[in-house]
Amino acid sequence: MGELGAFLKIERADALERDPQERVHDVGEFVRPRPLIELRSQGARCMECGVPFCHHGCPLGNLIPDWNDLIYRDRWREAIDQLHRTNNFPEFTGRLCPAPCEAACVLEIREGNAVTIKQIEVSIIDRAWAQGWVVPRPPTHRSGRTVAVIGSGPAGLACAQQLARAGHSVTVLERDEAGGGLVRFGVPEFKIEKRLVERRLAQLAAEGVEFRYGVNVGVDIAADELRTAYDAVVVATGSRVPRDLPVPGRELDGVHFAMEYLYERARAIAAAAADTPNPPATTAAQSPITAAGKHVIVIGGGDTGADCVANAHRESAASVTQIEVLDEPPAKRPDDLTPWPRWPLKLRTSYALKEGGERDFAISTTHFSGAHGKVERIHWAHNNGSPPYTPIAGTEESRPAELILLAMGFLHPEQGLLGQLGVERDGRGNASAPGYATSVDGVFAAGDARRGQSLVVWAINEGRECATTVDRWLSDYASRA
């Protein structure tokens, strides 16, 4: 497995990033792969572990040591076959997953020394597409059964692809004008180019998946009508209800949920690339959300907040500040709290903050203020860094803020559709589906709609596992009829 002792001789080499001061002037992907010869060396670092803990870290159970070894031996064609055995969309995970597999790598016992699994993964799939190795795999037989998948994010797409390959007729219903869910509209172009999403959608279509865009299930088509028209229904709508910040001044113009801004930016960028003057999200009665020339505050320290910061940089904001209610984490992995191979709780600097801007921790927002209905300032105080994040007297501050973006995570899926379907919900408002089957016979749930806000790699895993459950249920359909 790999080269004996290579991990002692070859240093970890991360993926290359374009210069931050250069990339803020365009929307091209900012991560660049290393040359193939260097990637082979990185694959050689993979040890012959007695227990490959990277499997423990990867929700998909990717066969990581296998394809690391194949890359080291220059057997790329076999590597993509191994990768696709467990992962429908490695170009998504290779760009967007935070790589819990690397945190669980045995080499990560010496912090910062893990095999560059994510970089190798995305290089395998990018080369496979370039070489024409990724082709549609339509089924050899048709079952005669029909499935409606609601939502075209990674969970819905993975579920649809697996079911189509099993021979079922699958229709994906998406309320937006294009497929991909948050990967399409929530994640910026400079993290994943949307042509990559379109390429996968085309593959699914060639495998027999039907896509119906601009269809809001529960509004444009009733849930009971959908259940009548299809043998099975899969809810893969994501966790789309954002966490709000109910403080005085929340109603002021200029205070928005992060996804409002990210969706609008994605549509604007797509329209500019297609030379279309008016993105679909903007109407005559609606002013675009823009950071251009404004003092921007992003509330929330996660990936969504970072994407807001990066978009604001590319719009030439006057200033960008990202604040987090939590206390600043330690610089190194605290073994007493998150020992290896667990995901380490430690300080990380996002790609967006490398491009500029400020950040601060242990901040509790107290209110917003402004004039003529528009936000002009944010007021906050430092807190003690732990729940209930009580503000500390005498630490009050205010900053100019003409655009405030709330990026504090998501609560649960939208409840209207689940209510129409009659699906029971758990204590957090997610679809209650412990084994992917909900309380309603023939209705299933996968992804964030079932497990709550999570990672892209979990979404794909959920879609695949849900498809297996649906396929078994459909196999027994005739005996129940």
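Keep in mind that the numbers below use all heavy atoms, side chains included, and drop hydrogens, waters and symmetry copies. Sequence positions, counted from 1, serve as the residue numbers for this chain.
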Go through the steps to decide whether V233 and V217 satisfy the test side chain to side chain contact (heavy atoms under 4.5 Å, CB included), and finish with yes or no. CA-CA 11 Å; V233 174; V217 179; over 6 Å; no

Side-chain donor or acceptor of [X] paired with backbone N/O of [Y] under 3.5 Å:
X: E315; Y: A310; answer: no
X: S239; Y: A449; answer: no
X: R12; Y: A114; answer: yes
X: E108; Y: A103; answer: no
X: D220; Y: N216; answer: yes
X: Q453; Y: H412; answer: no
X: S439; Y: E424; answer: yes
X: R240; Y: E414; answer: no
X: N461; Y: L60; answer: no
X: K194; Y: V183; answer: yes

Could you tell me the separation between the [atom1] atom of [X] and the [atom2] atom of [Y], rounded to the nearest 0.5 Å?
X: I150; Y: R175; atom1: CD1; atom2: CZ; answer: 11.0 Å
X: L63; Y: H84; atom1: CG; atom2: NE2; answer: 13.0 Å
X: N88; Y: R200; atom1: CG; atom2: CZ; answer: 7.5 Å
X: C58; Y: I64; atom1: SG; atom2: CD1; answer: 5.0 Å
X: D426; Y: R428; atom1: CG; atom2: CZ; answer: 5.5 Å
X: Q119; Y: R95; atom1: CD; atom2: CZ; answer: 12.0 Å

State whether the number of non-hydrogen atoms from other residues, nucleotides or ligands found under 6.0 Å of [X] atom [atom1] is greater than 12.
X: R348; atom1: CZ; answer: yes
X: R85; atom1: CZ; answer: no
X: D126; atom1: CG; answer: yes

Under 4.5 Å between any side-chain heavy atoms of [X] and [Y], yes or no?
X: H55; Y: P65; answer: yes
X: N311; Y: F190; answer: yes
X: W340; Y: V106; answer: yes
X: L36; Y: R127; answer: yes
X: V423; Y: V235; answer: no
X: F30; Y: E22; answer: no
X: Q131; Y: W76; answer: no
X: T304; Y: L262; answer: yes

Angle class for the F444/W473 ring planes (parallel below 30°, perpendicular above 60°, tilted otherwise)? perpendicular

Parallel, tilted or perpendicular for F53 and H56, by the 30°/60° rule? perpendicular

Across all chains, not counting sequence neighbours, the side-chain hydrogen bond (donor to acceptor under 3.5 Å, both in side chains) partners of W129 are E91

Apply side chain to side chain contact (heavy atoms under 4.5 Å, CB included) to the pair F211 and L157, showing each step before the final yes or no. CA-CA 10 Å; F211 290 94; L157 293 179; 3.7 Å; yes

Given the rule in the salt bridge (Lys or Arg N to Asp or Glu O under 4.0 Å) test, do R77 and D81 qualify, once you have shown the distances and angles that lead to the verdict? CA-CA 7 Å; R77 183 66 182 83; D81 291 339; 2.8 Å; yes

Begin from the C-alpha positions of R267 and D176 and carry the test salt bridge (Lys or Arg N to Asp or Glu O under 4.0 Å) through to its verdict. CA-CA 11 Å; R267 287 179 166 128; D176 288 325; 3.3 Å; yes

Those residues that, when tested against Y261, pass ring-ring contact (aromatic ring centres under 6.0 Å, His included) (two or more places apart): none

Apply the test side chain to side chain donor-acceptor pair (under 3.5 Å) to residues D307 and Y351: give CA-CA distance (whole Å), side-chain angles for both, the deciding distance (0.1 Å), then the verdict. CA-CA 9 Å; D307 293 343; Y351 76 98; 2.7 Å; yes

Please report the C-alpha distance between E102 and K118 in whole Å, then the side-chain angles of each, then the deciding distance to 0.1 Å, and finally whether the salt bridge (Lys or Arg N to Asp or Glu O under 4.0 Å) criterion is met. CA-CA 8 Å; E102 293 188 19; K118 180 176 174 179; over 6 Å; no

Are V115 and I120 close enough, and set up right, to give a side chain to side chain contact (heavy atoms under 4.5 Å, CB included), and what steps lead you there? CA-CA 9 Å; V115 174; I120 294 172; 4.2 Å; yes

Test side chain to side chain contact (heavy atoms under 4.5 Å, CB included) on V147 and D231 and set out the steps. CA-CA 6 Å; V147 183; D231 295 325; 5.9 Å; no

Test salt bridge (Lys or Arg N to Asp or Glu O under 4.0 Å) on E207 and R165; report intermediate values, then the result. CA-CA 7 Å; E207 293 175 351; R165 288 176 174 176; 2.8 Å; yes

Work out which heavy atom in [X] is nearest to a heavy atom in [Y]; give both atom names and the distance.
X: V172; Y: A160; value: CG2-CB, 3.7 Å
X: T116; Y: A13; value: CG2-O, 3.4 Å
X: S123; Y: L39; value: OG-CD1, 3.3 Å
X: L405; Y: C308; value: CD1-CB, 3.8 Å
X: D14; Y: R34; value: O-NE, 2.5 Å
X: G61; Y: T86; value: O-CG2, 3.8 Å

Compute the centroid of each ring, for Y263 and then for F185, and state whether the two points are separated by less than 6.0 Å. yes

Just to verify, what does N113 make a side chain to side chain contact (heavy atoms under 4.5 Å, CB included) with, not counting sequence neighbours? R45, L107, R110

May I ask you to say whether E29 pairs ionically with R18, meaning some side-chain N is under 4.0 Å from a carboxylate O? no

Between E17 and K354, is the closest basic N to carboxylate O distance under 4.0 Å? yes

